[in-house]
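Have a look at the structure below before the remarks.
One is the number of the first residue; the rest follow in order along the sequence. Note that ligands are numbered from 1 as they come in the structure, with each ligand's atoms numbered from 1 the same way.
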Amino acid sequence: MATLLAIKYARGSLEILDQLLLPHQSVYIPVNDVLTGWQAIRSMQVRGAPAIAIVAALSLAVELNNAFDTAPATPQSAVELIHEKLDYLVTSRPTAVNLADAAGKLKALTQNVLAANEVTPDLVVKAYIEAAELMLLKDVEDNKAIGRHGAEWITNAVGKTSGIRVLTHCNTGSLATASYGTALGIIRSLHANASLDHAYCTETRPYNQGSRLTAYELVYEQIPATLITDNMAAALMSQQGLAAVIVGADRVAANGDTANKIGTYQLAILAKFFGVKFVVAAPTTSVDLYTKNGEGIKIEQRPGWEVLVVSGPTVTNNPAKESGEVVVDVTDIRSVKQAANGIGVFNPSFDVTPAALIDAIVTENGVVEKNADGIFAMEGAFKA
Ligand SMILES: CSC[C@H]1O[C@H](OP(=O)(O)O)[C@H](O)[C@@H]1O
């Protein structure tokens with residue numbers, strides 16, 4: 001089996017595993033600049049809330065590092081260029097807050113460097129590159145902490161340290177992060193602790209993150225696992241004693257309402273009906289205290305053909321048009337449409353699970369549970 005790393009980086013060089021080709025082909029493609037980074041994120045050649053933030057930041061780091069003859073002439077122009085590029089990268093996908101969170105932090109950092117004495121353009125660029133590189137390292141640490149906290153919470157909640165069965169949705173593992181994963185990181189930790197009996201993963205239509213990516217990771221790690229289609233979740237919960245449903249997050253609002261891959265909301269309703277714990281796993285970079293509740297979360301609407309296509313497309317990244325618009329064409333769909341021409345298609349990439357249906361939100365700092373008023377006070381997620 002090929003490596004599980006979604007992102008390969010060394011200063012001046014960034015490659016991503018083209019996830020549109022998994023599990024059949026393990027192909028790394030170079031990302032040498034912001035435009036290529038934007039296209040790879042938009043087309044979902046790389047995806048996963050933490051991974052898209054890291055790839056966005058590093059795509060600019062590589063562009064800046066290799067911009068020998070077009071390097072910014074002044075510290076101010078260096079900051080302006082970095083801010084402009086980050087603002088562009090944020091437009092690639094709107095729902096996961098990690099991307100905007102990273103852009104905001106990196107913009108603030110470069111602004112602070114500019115305020116220092118005797119600053120040069122090189123110092124601004126160097127500070128940016130080092131900060132972007134730290135994101136890669138911190139994400140792995142965060143994921144392993146999430147794994148520890150989440151595995152402990154689940155074993156305590158069910159009152160046993162072995163024989164635990166869980167269900168997960170979408171892909172939240174090494175292919176969605178810098179490595180190890182969030183919800184899948186908890187499953188890895190349960191398995192490492194010999195607490196896991198079996199992991200179930202949903203197919204996660206229409207992009208099939210579960211069948212194409214999570215199943216790939218679970219087989220790679222030799223974790224006992226079974227794939228189900230999205231419409232089998234109720235039957236599974238009625239027949240198997242699941243301890244928990246564990247999912248990731250793209251944006252957790254201040255009250256705990258959570259945007260995650262489409263299909264998460266219905267799993268939360270089923271978990272409540274069957275008395276199964278519902279656990280959200282996310283680094284604090286996925287928590288958005290500026291959005292009061294789920295109503296404020298923008299849900300990305302994806303192209304209708306993604307629902308109609310029954311297998312992965314080949315994506316051709318077109319150069320940006322003079323207008324600055326970037327078009328990512330699908331030039332070779334390897335399969336025929338599975339529905340009549342002319343049918344309308346509804347393809348929201350995410351849905352919002354109300355906090356009332358969530359039992360625990362696990363971050364790298366620990367586990368947030370609802371207070372006596374039944375509210376998640378998510379500001380508490382930022383206290384170690
Ligand atoms: C740790 S990944 C978090 C989150 O991102 C995924 O969305 P996508 O595959 O569209 O990038 C999915 O919602 C995961 O739960």
Report the part of His169 in contact with ligand 1, treating N, CA, C, O as backbone and CB onward as side chain, heavy atoms under 4.0 Å; options are side chain, backbone, both, neither.
-> neither
To the nearest 0.1 Å, how far is atom 4 (C) of ligand 1 from its closest protein heavy atom, and which atom is that?
-> Asp250 OD1, 3.2 Å
Asp122/Lys126 salt bridge by N-O under 4.0 Å criterion | no
Quick one: does Val247 get within less than 4.0 Å of ligand 1, heavy atoms only?
-> no
Any non-hydrogen atom of Glu300 lying under 4.0 Å from ligand 1?
-> no
State plainly whether the residues Arg302 and Glu300 are in salt-bridge range, i.e. N to O under 4.0 Å.
-> yes
Does Tyr207 have Arg212 sitting over its ring (NZ/CZ under 6.0 Å from centre, angle to axis within 45°)?
-> yes
Going through the checks in order, is the side-chain contact (heavy atoms from CB on, under 4.5 Å) test met by Thr204 and Lys261?
-> CA-CA 8 Å; Thr204 318; Lys261 186 50 49 194; 3.4 Å; yes
Going by the 4.0 angstrom heavy-atom rule, the piece of Phe350 near ligand 1 is side chain
Would you tell me whether Ser174 and Tyr220 have side-chain atoms, one donor and one acceptor, within less than 3.5 Å of each other?
-> no
Record the part of Ala249 in heavy-atom contact with ligand 1 below 4.0 Å; permitted values are side chain, backbone, both and neither.
-> backbone
shortest atom 14 (C) of ligand 1-to-protein heavy-atom contact is with Asn260 OD1, 3.5 Å
